[in-house]
Structure formats: structure tokens, C-alpha cells
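Just so we're on the same page: letters track the sequence lines, and every chain starts at 1. Please read these numbers as outputs of a predicted model, since none were measured by experiment. Hydrogens, waters and symmetry mates are skipped; everything else that's a heavy atom, side chains included, is used.
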Amino acid sequence: MRTSQYLLSTLKETPASAEVISHQLMLRAGLVRHLASGLYTWLPTGLRVLKKVENIVREEMQRAGANEILMPMVQPSDLWEESGRWDDYGPELLRLNDRHQRPFVLGPTHEEVITKLVANELSSYKQLPLSLFQIQTKFRDEIRPRFGVMRGREFLMKDAYTFHLNNQCLEKTYQIMFDAYCRIFDRLGLDYRPVLADTGSIGGDASHEFHVLADSGEDDIAFSNVSNFAANVEKAEAIAPTGERATLNQEIIKVATPNVTSIEAVAKFLKVDIKSTVKTLLVCGVETEEGKTPIIALVLRGDHQLNEVKAEHLSQVASPLTFASDEQILIAAQCNAGSIGPVGLSCKIIVDRSAEHVSDFVCGANENGYHLTGVNWERDCSNYTVEDLRNVVEGDPSPCGQGNIIIKRGIEVGHIFQLGEKYAKAMGCSVLNEGGKNQTLTMGCYGIGVSRIVAAAIEQNHDKYGIKWPTAIAPFAAAIVPMNMAKSARVKETANALYEKLHQANIEVLFDDRKERPGVMFADHELMGTPLLLIIGERNLDNQQIEVKNRLSGEKSLIAIEDIMSLFT
RNA sequence: CGGUGAUUAGCGCAGCUUGGUAGCGCACUUGGUUUGGGUCCAAGGGGUCGCAAGUUCGAAUCUUGCAUCACCGACCA
């Protein structure tokens, strides 16, 4: 490709709306352009990278035995009604009507379509297991798109679905997919980790997320500093403190704490360690048969954070997690949110394992402007149950039993899980088994955010000059950068000949034939992250050499023109 | 949806307090100059100042409403 025929749109200045480095560089290097919130046009350079990621994903899926298909993005609503997600999915699902006022959705995912397809196509256990995948645009009307293509509303995703007669078979395929994912991220050249994940509303047994480690990531990942344990903080168990609770030696006292509501302020005001306080959060419970919403108190140690996923999984707690309104709080505790405590509370009380381990603690008095000190479990409050409710924090013992937790940020680029029968049952997806009986299939599903990977790769690979693409996904293998081609016939001839040679050899090379000064060219190619610059100048032509600069290592070297192909083997 | 901030040329910004013919840098066009790290000089083109209403002789500037965008929280590949 010659720059004179190429849409090379680099920017010197960073657009003000771009917050994270990958978004800034994607705009500056001319990879994408913003159209509307969460919607981006991929320019030639960006599309080249996207296609490379896509191809690696495709090759590894095929190697794992999956068949590529392509499903429609626009899907009839009745499929979604059949699965129950027409009501469950919420406003993230973009719904639209066609000219006959028939309702459709823009596909955020394709479980319905594929399960229906397989229900129609398969009839015998002999056809199992079956793996299908597609690489396609998804649309999710995200509440808050951000960080460019990292969280767009429209994005490119690889979604694979596998179908099995039983769980053993599903587990086997799940492992094959797990391994395929590892190969994909290895080939992409990214620093990533598979981590244990919450299975979410879908349920099922096993689930892993694949995270690219980066400080700008939106997820917290808990690692063990000793073993290879890794889990999303949402999922990581906070194990119960060991040993006996310290013996109580204080009497319960009510103290005035005027206008002090937050737990930090209370600890400071009363001059106690925040670890000797507990906080009480009121949430909605599961609706009763009479249609009433009970209130449930969740009690955590003052310095700990509620893990909403864990709370939501409790059978008594409403899902999605809903905090009690101010009115509900007033009715349940006779006070405002800043003064609630477990003592004397009449609603169901669930105490976090760590909160249950403190003695002589401080908590709200269920009276505005007052807290209690010297409170103790059992003596002062006994009607409660104990659960794991909090987020793990750095230094906690690892749930694997080895070492302590450290926490790092990650960008979720893949998620695999065992779906079970949920969709197969709903969509009537079954085959005849060996005994000639109808048997519902069990499914797995496996996603990769292809466009997100592009952004994640940049987050992990850049310097002050621009992007440093891992070789496997660089938009071009090399750029030919001639010095003052307009003045030197020799440089021009050599550059053209070199370009023809590389082009003939199917090497993706960008020939910078602009009439620009060298500095401009260098800056642009470094911004775009081209791995190799082939610099042709009068200086080295007497020796039939050109200079090669490596973007990743920064090394410069001279190479004989005739040996140029050795760079690409 | 809640909180914060923004909206003036393709991009980055000034002008608004104190209303009076819309400006700077980059980019773009033309000519010259320079040519191994974003040269320099000159001349140009490009804006109904987010939209609407109001106040006023006069609004980018003051008032009100609306829209859009971004960031912080719940969603997720």
C-alpha cells in the first residue's frame, strides 16, 4: 500500500473527549472515528488490526473444532419471548418494529437464534457434540458507553456455542475451548489471565473470564501471591477469619454522634479503629406471596465493601440487588441510613463472616444522631445468620488455601461458561438418545470481544510516541520510509523496487511516498506502531544498505538490500 | 437513571465577567524555502458561536428551556 492511495489520518493533538490512552491513540493514529455515543467507524488502519485479531480468533476456533456460521443481527421478538429474555433483558436490548409493526430486536447475543437453529437441524445424539461460532457485530444499548471501542454500544464479538448430550461431554468441550482461548491470547501477544468468574444470571457451574491486565481495566481481579489462583473480585470468596472471637469486655453504651453518619466519620469521631465498627445496609428481600417486599439487613465490618453479587445470590435477597428506599429504611429502623445498627432490628439480619468476628464494636443505634459502643454478638444481638458478603481485599488469605490476596485491574476480553439446559429447554432443543428417547441438550457458550481486544492491546503496548503493536496484530508488517525521495532519484528507485519486491512477496508493507520531511514520517509511523521501519537514504545507498528500525526494541541496524527478505521469515 | 463538567472552523483552545463587524495554534490550499526526527516565510479557503425562545437598537456574550458529548456510580465481550 502506498500512502498516496491510503487514508492515513493521524492527529497531532489528542481529542479532548478521549480519556484512556488506547482511545486517545486510536483516534490519533487514525484507527477509528467517533460517530455517536458508543458508535465508531473503523478506518483502514484500525480495520486491518481488527481483521488480524478476528483471523487469529477464527483460526483457533476452527482448530478447536468449531464451525463458522453467520446469524442475523436483527432477530424477531418471539424468539426472545420464547426464552423469557424479552421481559428479562431490560433496556440494554434495543427493540424496534418493522414496517408491518412486527417487533424485532438488535441482537446483543445469539443464544436464542442458535438454539432454535440447532433444535431444527439436529435430531440424533450421533451428531453431538457440535460447536458453532460466528464473528459478528453485536448491539447493546449500554447505559454508559465509554473509553472508545472498549465499551461501545456496537462492537465486534466472536460468540461460540456448543451442544452436548450430557455434562461430562460439555465439560470436556469447555476445557478444549479454555485451551483455545489461551492459545488465542498467547498468539495475540497479550499479558492475560484466565480467572474464575461469576456465572451471573445464567447460572451453571463453571465460568472463566479472560482478562488482559491493565491499570485502566474496569474489573478487580484477586490473585494469590503464591499459587496460580485468580478470580474476579465479584467471585472471590472471603474466607471466615480463623480463631476465636476476642472475648467481650465492654458494656453496651449509647453515645450521641450528632450529624455523624458515614462509618469513617463515626470511627474518627469516637476515636476507634474502623475495624471495630460495623455498618448495616438495608436491601430489599424476595417478594412474599402477599406481594410484600421484606427488608433485609446486611452487616459488614466498617472497612469492608459489600459484594453485591454475593448478596444477590442469597436466596432471601431480591435479584437484582435493590437498596431500601429512604421511606423503607425509616419504617424498618426508625431512623435514617447513617444510624442503622443490628441491635433491636426486627428484620432478617445477615452478617458477614468478618463482621461476625469482631467484639466490642460500634454500630448505629437505630436512632438519628446516636451510635452504640461496646456491642457484642449473641449478648446484644442474636437473631442473625452468617454469610460471605464482602469483597476480598489485599492481604486476605487466599481462598485456595495458599498465600494472600493481591488485587490487579483487568480488562475482560473473553468469557466462557457452561450454560446447561436453560436455553435448550426453553427453545425445545433436543435429540433422540441411544435409547430412542428425547433428551434436552446441554450447552456451553464462549465469547470474545474482538474490537475490545484492539483497545486492550494498546492499553498494554504503548509508549510516549504511540502504539507498539504486538507483531501478530500490527496493521502493517513494515513501512518503507524514503529520505528526501523528491530530490534523490536513487532513493526513489530503491524505494520503489523494494516496495514492489515486498508487495510481490505478499508482505504487508506501507510505502510512505508522501512528500514529507523525515521527522513527519517517523512520527506518524511510530504513532501507528509499525513494527519495522525500512529507512532508505543516500547515506547508506553507496553500500547498498538500508537502515532498519525496530519499533518494539528501538534497535537500529543496517542491512544489505538483497538480504531484506530475511526480515520477514 | 443520579452526580459533575462541557458544547465557538476538521482538531486543540481563547473571547463571555463589563453585549457593539468572531480570533489564535495545528491541519488544509497556493507559491517559495528546507530535507535523517513534527523546517521557515508569505498569501489564502473554511464558522447561521449545539438548538429554540426571550431581554435588547444590537446577543457567542445576559435569561429560560431543550439537545448532544464526556467523566464518576449500577451493566457487560
Suppose we define a pair by two distances each less than 3.5 Å, Watson-Crick or G-U wobble; what does [N] pair with here?
N: B:U34; answer: none
N: B:G25; answer: B:C11
N: B:C51; answer: B:G65
N: B:G45; answer: none
N: B:U39; answer: none
N: B:G20; answer: B:C57
N: B:G2; answer: B:C72

Would you call the rings of A:Tyr40 and A:His23 parallel, tilted or perpendicular, taking 30° and 60° as the class edges?
perpendicular
Quick one: [X] [atom1] to [N] [atom2], roughly how many Å, whole number?
X: A:Arg490; N: B:G36; atom1: CZ; atom2: P; value: 15 Å
X: A:Arg539; N: B:U35; atom1: CZ; atom2: P; value: 13 Å
X: A:Arg151; N: B:A77; atom1: CZ; atom2: P; value: 9 Å
X: A:Met483; N: B:G38; atom1: CE; atom2: P; value: 12 Å
X: A:Gln24; N: B:C11; atom1: CD; atom2: P; value: 16 Å
X: A:Leu306; N: B:A74; atom1: CG; atom2: P; value: 11 Å
X: A:Glu19; N: B:G5; atom1: CD; atom2: C1'; value: 12 Å
X: A:His34; N: B:A70; atom1: NE2; atom2: P; value: 5 Å

How is A:Leu27 classified with respect to the nucleic acid when contacts are heavy atoms under 4.0 Å: base, sugar-phosphate, or nothing?
nothing
Base, sugar-phosphate or nothing for A:Met485? Non-hydrogen atoms, less than 4.0 Å.
nothing
Any donor-acceptor pair under 3.5 Å between the side chain of [X] and the base of [N]?
X: A:Glu13; N: B:G25; answer: yes
X: A:Lys556; N: B:G36; answer: no
X: A:Glu538; N: B:G36; answer: no

Charged N to carboxylate O below 4.0 Å: is that the case for [X] and [Y]?
X: A:Asp159; Y: A:Lys138; answer: yes
X: A:Arg551; Y: A:Asp463; answer: yes
X: A:Lys549; Y: A:Glu526; answer: yes
X: A:Arg409; Y: A:Glu218; answer: no

Nearest heavy atom decides the nucleotide; on that basis, is A:Pro145 or A:Lys515 closer to the 5' end of RNA chain B?
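Whichever sits nearer the 5' end wins; that is A:Lys515.
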On RNA chain B, compare the nucleotides closest to A:Val149 and A:Leu533; which residue's is nearer the 5' end?
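It is A:Leu533 whose nearest nucleotide is closer to the 5' end.
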Ring-on-base stacking B:A77 with A:Phe155 (under 5.5 Å, under 30°)
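Given the distance and angle limits, yes, they stack.
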Using the [atom1] atom on both, measure [N] against [M] and round to a whole Å.
N: B:U30; M: B:A14; atom1: P; value: 32 Å
N: B:A9; M: B:U35; atom1: P; value: 37 Å
N: B:C13; M: B:U7; atom1: P; value: 9 Å
N: B:A6; M: B:U48; atom1: P; value: 24 Å
N: B:A42; M: B:G50; atom1: P; value: 32 Å
N: B:C49; M: B:A59; atom1: C1'; value: 11 Å
N: B:G73; M: B:G65; atom1: C1'; value: 28 Å
N: B:A22; M: B:G47; atom1: C1'; value: 8 Å

Which of the following nucleotides, B:A74, B:G12, B:A77, is nearest to the side chain of A:Ala16?
B:G12
Closest to side chain of A:Ser37, choosing from B:C69, B:C76, B:C72
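Closest of the options to the side chain of A:Ser37: B:C69.
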If only side-chain N and O atoms of [X] are considered, is one of them under 4.0 Å from the OP1 or OP2 phosphate oxygen of [N]?
X: A:Ser17; N: B:A6; result: no
X: A:Arg144; N: B:C72; result: yes
X: A:Lys12; N: B:A27; result: yes
X: A:Arg146; N: B:C72; result: yes
X: A:Arg140; N: B:C76; result: no

Once side chain to side chain donor-acceptor pair (under 3.5 Å) is applied, do any residues pair with A:Glu234, and if so which ones, sequence neighbours excluded?
none
Looking at residues at least two apart in the chain, or sitting in another chain, which of them share a side chain to side chain donor-acceptor pair (under 3.5 Å) with A:Arg48?
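With sequence neighbours excluded, A:Arg48 shows a side chain to side chain donor-acceptor pair (under 3.5 Å) to A:Glu508, given in chain and number order.
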With side chain to side chain contact (heavy atoms under 4.5 Å, CB included) as the criterion, how do A:Arg85 and A:Thr109 come out once you've worked through the C-alpha distance, each side chain's angles and the decisive distance to 0.1 Å?
CA-CA 11 Å; A:Arg85 290 208 289 183; A:Thr109 171; 3.4 Å; yes
